[in-house]
Structures are given as C-alpha cells and as structure tokens.
Colleague: 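First the structure, then my questions, so here it is.
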Amino acid sequence: MSQKPSIPKGTRDFLPFQVNRREYIYDTIKSVFKKYGFAPIQTPSFEHSSTLMGKYGDEGDRLIFRILNSGDKVKKADLNALEDGNLPKFANSLAEKALRYDLTVPFARFVVQHQNDLTFPFKRYQIQPVWRADRPQKGRYQEFYQCDADVVGSDSLLFEVDFIQIFDEVLSDLKIPDFTIQINNRKILSGIAEVTGEEDKIIDITVAIDKLDKIGEDGVVKELLEKEVSQAAIDQIKPLFSLTGETQKMLDFMREFLASSEVGMKGIEELEYVFAKTEILGLRNAKLDFDVTLARGLNYYTGAIFEVKAIGVKMGSICGGGRYDDLTGLFGMKNLSGVGISFGADRIYDVLTELELFPENINQTLEFLFINFGEKEADFALPILQKLRNASVPSEMYPESAKLKKQFKYADDKNAKHTVVIGESEIKNNEVTVKEMQSGEQVTMSVDDFITKYCA
RNA sequence: GUGGUUGUAGCUCAGUUGGUUAGAGCGCCUGAUUGUGGUUCAGGAGGUCGUCGGUUCGAGACCGAUCUUCCACCCCA
C-alpha cells in the first residue's frame, strides 16, 4: 500500500455494525413520527445559494458549504466585485448552489413551492444528511443526519403538546432512562426585553442568558455589560438566573415579572396551556422543565422553544425545536405558522453508546451458517438453505470447503446464531447437526424436523 | 473565523540530549488439531514514522508549510 486514502475532515465512514445501530435509531424515530400522522418528504442535497443564504444569520452564512460553478459557468465570476473587495458578492457569483445546511429552510421552500398540492396543516418528517463548514469536534461533524418533524399551517398549541409526547416516546423507546425536555417561549424572552426597556437588545440578551449554565451568573452579567445592556436592566434580570423549583411557582413569578408586557403574558399563557395538557397525558421517562434561560440560537423562533438533554452524559442537547410564525414568509407565503422538532441522531448514537443501551440483537443478523464439506454435501444442503431463505430466515453457506476452523471462525465473526453441519454421516441418515454458537450446544435432527422447526 | 493540541504496524501506544537493521501488546495469517469458533502453545506477515520541503556527515526526533485529530471560543445537532 503506497499512499493511504482518506476522507475529508468532519466526515465519517460507517461499518456494518454502525449502520445497523444508526438504522435502529432512525427506525425508532420514524415509527413514532408515523404514529402521530407525519408523512415523509425528501429534498435535494443542494439548493440555490439564494435559498439558503441569509436565513441563518451571518454566523450561519459562514458555515454554508458552497458549490463551485462548473464548466463554462465559472465565467460568471464577478471579477469587479473581487477587485472592489466585495467578497460575498464575488463568492455568490462563483457559487450558485450550496449544500443543505438544515432541513427546516428547505422545507419552508418546499411548502411555498408545492402549496397547491398540500393539505394544511401539513405534517411532514424528513431524515436526511446536512452539511456545515464548521470546525469539527467530538459530536460535531461537517456531514451529519437530522431527523425533523414539522407542522405548518396551524397555530394550535396541541402540536407543541404532541411534540413533547414524541420526544418522550422516541427517547423512551430507545431506552434512555433519564432526560429532560426544557421548554421556554420566545414571547417570554421578548417580554423580558420589553419590561427592562431593552427591546432592541433582545438577541444579545437571549444569547447571553442562554449561556448561564456554561459561564455562570458573573459571566452572563459580564457579557450583558459588554453588549451595553443597562445596569438597571441587568439588576432586573438577575433574579431570573436562580429561578428554579416548582413549575407553577416559576410561572407565577414570571407572571408578576412580565405583568406590564402583553407579549410576555401571552408567552406565559401558552406555556401554561402546554403544561396543563401534558399533565393530563403524562410522560414515560421525560421530565418537562420550564427554563427561562433557554434561548436557542436560531432566531426564526417566535413561540415555544424546546431542547432535550440526556441526564448523566456529558453532551450538548440531543434534540431541539420550536415554533416559528413566519418562516415561509421568507419565500413569499405570509401568515403560515409552523412548529417543529429535530432529533440529533449522531449525538443520540453517542449517548446510547456511552450508556450501553443498544440492544444486543441489532447485529445478530445471520441466523444460520451452513458449513461446507465439499460439493456433494453442499448439494444436499442447498435446498434446505433455499427453504430457510424463502421463509425470510437470513442464512448462508460458506462458499468453499475450507478448514472447519476457518469456517467456524467466520460464523463467529459474523455473529451467526447457529451453524449447520452436514457431512457424510448426516447425508446417510437424512439429518442435519445444528450448533447454537453462543452456548456451543449441538443437536442432530432429521431434515424434516429442521424444516418444520425453522421454516415455519 | 480565533487560540491551542495531535499524527509511529489494522488498533492502542513505547522510542533517552539527533547516531547502525524503528519496538511492545492486541488483532491478522499459518501450524499443533484434515468433523467444530470464542482458551492455550509455536511460528509468520505487516511500517517511504501524516504529507511536502529545509537544517545536518546523519532526522521518527530539530525548523517551515500543509493535511488530519481532539480541545476551548464563536456557533450549533
């Protein structure tokens, strides 16, 4: 081997056992999405640059993978823009397409484009890879899968309630024992900015208090001062940092805090509704927590916001979501409210690995391996093998009469549940010898009995 | 995008102030064992030391660039 091949940074290959595990996660998510009435769609890996650019803020634009124009289209490069130092304009002239950055913005484009074919409220789920030109870290890749479910065309809070049930059901089905669904409402955050007289600094304020559990109270205060939030406002906000305890008490506190803000009170009302309905339905493994300091970066959210964290694992959030009132407005379709959630499948994979929660049988995909003793024995075995396959029992025969040690090791490596030995004596008596690999136990039975037992 | 960190066999890692032929464990292959894998024993294969360039009589080690890994920011799943 001369030069070792490699793959670009932030990308990964997946071995069979890894793909099996990943599909276990996707299948679990999919089955719950379907149960709640969501239908699948897919969108292309790449979109027009103009569809994506400017939708995720300056920070997001930087992370969008651009696709260089090919062929004669390179001639479209705007050299004047380059000379003038207008690099964004130059880049746009050079790259008319870009890789999908998330599933939500392409979905908004999809809804506007196909509005006449859709029935509203439209509920879709989508499981596809997305790409970000981010600097990789553990659990952060340049190519990763998102598993999204969204509803557009309804402002009913019942969907917020549904999504909480979906989080609970999926993660409980995946056997995650302990996780918290944190919930907040952008209207409450707006209310906070309003009552403190810092309405124009709402983004700075939310970004800062979102970091509370990371940089602490002093860190947040420092950042607020840096963003020129007034000392009076900071003093007013400070008590929110230590707001914990019973949900009802926190909500009461906030109601008082936001009394003079109409939008803030609306946020409280919405939250109370969601808590009340969830109370009625109950939750399996999840804890639902009101967290005033939860903000989330994406600034298209306008109502509820969610974030889910596994307890006992050092890992960022594994799911997120929220309501956005006017995402399709960006593409010219006004007044369409949407709400959606996203499962971070790659991070869930890491959590399940760390907590050893993958079921063992995921990678036991081979039921029977037939040991090959030679042509005569193989001829005897092949019809039996075919019967197993017709009954959808995953089975195979070793392709040549290699040493038994080698054949059994192959069975072992492939995690075969049984091996079937057919040699001279078995053929003579019309029998098969079946060995259960894990226990090592071995029984000989007639071919008919074998077929009745396993090809049902 | 900013600052740091890492790279030696398939994997995990040793390798002294620059000095002959670069090591270990695990894994892999072969045999002991031509009707039995996961245990044991014996033997064997496998490396342009991430890449390119520089310093030097001499570089795995020193210098530069580049790619990659991981970490802290930024941001985020």
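Convention: sequence-line order gives letters A, B, ...; per-chain numbering from 1.
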Colleague: Taking the minimum atom-to-atom distance to the side chain of A:T433, which one of B:C75, B:C29, B:U36 wins?
Modeller: B:U36
Colleague: From the options B:C73, B:A77, B:C28, select the nucleotide whose nearest atom is closest to the side chain of A:K214.
Modeller: B:C73
Colleague: Does A:G423 reach a base, just sugar-phosphate, or nothing at all? Heavy atoms under 4.0 Å.
Modeller: base
Colleague: Considering every strand and a 4.0 Å limit on heavy-atom distances, what is the contact class for A:T419: base, sugar-phosphate, or nothing?
Modeller: nothing
Colleague: Would you mind classifying the nucleic acid contact of A:S342 as base, sugar-phosphate or nothing, using non-hydrogen atoms under 4.0 angstrom?
Modeller: nothing
Colleague: Above 12 or not: heavy atoms from other molecules or residues under 6.0 Å from CD1 of A:I203?
Modeller: no
Colleague: Across the strands shown, which category fits A:Q142 at heavy-atom distances under 4.0 angstrom: base, sugar-phosphate, nothing?
Modeller: nothing
Colleague: Using side chain to side chain donor-acceptor pair (under 3.5 Å) as the criterion, list what pairs up with A:E426, not counting sequence neighbours.
Modeller: A:T433
Colleague: Extract from the structure each pairing of a protein N or O with an N or O of nucleotides 69-71 of chain B at less than 3.5 Å, listing the distance.
Modeller:
{"unit_1": "B:U69", "atom_1": "OP1", "unit_2": "A:G10", "atom_2": "N", "d": "3.2"}
{"unit_1": "B:C71", "atom_1": "OP2", "unit_2": "A:K138", "atom_2": "N", "d": "2.3"}

Colleague: Give, for atom CG of A:L189 and atom CG of A:L240, the distance between the pair rounded to the nearest 0.5 Å.
Modeller: 9.5 Å
Colleague: Report the base-pairing partner of B:C28 (Watson-Crick or G-U wobble, both distances below 3.5 angstrom), or none.
Modeller: B:G44
Colleague: Between A:Q438 and A:E426, which is nearer to the 5' end of RNA chain B once each is assigned its nearest nucleotide?
Modeller: A:E426
Colleague: Any N or O donor-acceptor pair under 3.5 Å from the base of B:G50 to the side chain of A:S6?
Modeller: no
Colleague: Quick test of your reading of the model: are A:R140 and A:D346 salt-bridged, counting only N-O distances below 4.0 Å?
Modeller: no
Colleague: Using a 4.0 Å heavy-atom cut-off, does A:I318 contact any base of the nucleic acid, only the sugar-phosphate backbone, or nothing at all?
Modeller: sugar-phosphate
Colleague: Scan for side-chain hydrogen bond (donor to acceptor under 3.5 Å, both in side chains) pairs involving residues 349-374 of chain A, sequence neighbours excluded, and state none if there are none.
Modeller: A:N20-A:N363
Colleague: Which nucleotide in the set B:U30, B:U36, B:C74 lies at the smallest distance from any side-chain heavy atom of A:K435?
Modeller: B:U36
Colleague: Do A:F306 and A:F163 have their ring centres less than 6.0 Å from each other?
Modeller: no
Colleague: On RNA chain B, does the nearest nucleotide to A:E441 precede the nearest nucleotide to A:S317 from the 5' side, or the other way round? Give the residue.
Modeller: A:E441
Colleague: So what does A:Q407 touch, heavy atoms closer than 4.0 Å: a base, only the sugar-phosphate, or nothing?
Modeller: nothing
Colleague: Heavy atoms from C-beta onward define the side chain here; which of B:C74, B:U30, B:U36 lies closest to that of A:E59?
Modeller: B:C74
Colleague: Establish, yes or no, whether a centroid distance under 6.0 Å links the rings of A:F343 and A:F167.
Modeller: yes
Colleague: Taking only N and O in the side chain of A:K405, is any of them less than 4.0 Å away from OP1 or OP2 of B:U30?
Modeller: no
Colleague: Kindly confirm whether the side-chain ring of A:F144 is stacked on the base of B:A77, judged by centres under 5.5 Å and planes under 30°.
Modeller: yes
Colleague: Assign A:G60 to base, sugar-phosphate, or nothing according to its heavy-atom contacts below 4.0 angstrom with the strands shown.
Modeller: nothing
Colleague: For nucleotides B:G38 and B:U33, find the distance between their P atoms and express it as a whole number of Å.
Modeller: 15 Å
